[in-house]
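For reference, the structure discussed in these notes is given below.
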Amino acid sequence: MVTPQYIYESELAKKFLNEEEWEWRADNGNTEFNVAKLWRLYLRRPGNTMTGVFHAWKVYMAMENMDKAEPMKRVLEAGGAEVRISGEPAFPIPADEEYTHCVADGKYIEAASRLEQEGFTVTTIQTIAQILVKGPVPNYTEE
């Protein structure tokens, strides 16, 4: 997470500046602002094979609110997930499609929750946001 000043200074420079100089700092031990930084550093380390916080997620999005679906799809894909959005989801999910997670909202949450019995991790947009802000944090320390 960067400070608002980052946007202003980048605009003045007519290019995106190095975000590390503009990151929020959590000097009080609270990791909420440090999660993104820790993931960025973790993903850069030599030998890393992960593509992001959502690496290896294959997500079926059962979305009633399609206005939220596309932005959330971009967030998940940026974090390494493969995503399929369905405005009229099929439950159960067709057997020929392999997914690890289901993100649901609105009227689809109850139906999606039954997928947990089939081994899916079922979550909501709010939980995805929590992962990005609060973790889990990768096992990484700066050297």
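For the single chain, residues carry numbers from 1 onward in sequence order.
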Would you find more than 12 non-hydrogen atoms of other residues, nucleotides or ligands less than 6.0 Å from Glu11 atom CD?
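12 or below, so no.
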Residue Gln5 excluded, over 12 heavy atoms near CD under 6.0 Å
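Atom CD in Gln5 is crowded, with more than 12 foreign heavy atoms closer than 6.0 Å.
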Looking at every non-hydrogen atom in both residues, tell me the closest pair between [X] and [Y] and how far apart they are.
X	Y	value
Glu9	Trp22	CG-CH2, 3.3 Å
Tyr42	Met50	CE2-SD, 3.7 Å
Val59	Ala81	CG2-CB, 4.1 Å
His101	Trp57	NE2-CE2, 3.3 Å
Ser10	Phe16	OG-CA, 3.8 Å

When rounded to the nearest 0.5 angstrom, what is the spacing between [atom1] in [X] and [atom2] in [Y]?
X	Y	atom1	atom2	value
Met66	Lys73	CE	NZ	9.5 Å
Met72	Asn65	CE	CG	11.0 Å
Lys58	Glu82	NZ	CD	4.5 Å
Arg84	Cys102	CZ	SG	11.0 Å

Are [Y] and [X] connected into the same hydrophobic cluster when the rule is that any two of I, L, V, M, F, W, Y join if their side-chain heavy atoms are below 4.5 Å apart?
X	Y	answer
Val103	Ile131	yes
Val122	Ile109	no
Leu76	Leu43	yes

Is the ring pair Tyr99/Tyr60 parallel, tilted or perpendicular, if the boundaries are 30 and 60 degrees?
perpendicular
Determine, step by step, whether Tyr6 and Leu17 satisfy the side chain to side chain contact (heavy atoms under 4.5 Å, CB included) criterion, reporting the C-alpha distance in whole Å, the side-chain angles of both residues, the deciding distance to 0.1 Å, and the verdict.
CA-CA 7 Å; Tyr6 170 78; Leu17 300 173; 4.0 Å; yes
Let me know which of Met63, Met61, Gln126 forms a side chain to side chain contact (heavy atoms under 4.5 Å, CB included) with Asp105.
Met63
Side chains of Leu132 and Val75: closer than 4.5 Å at any heavy-atom pair?
yes
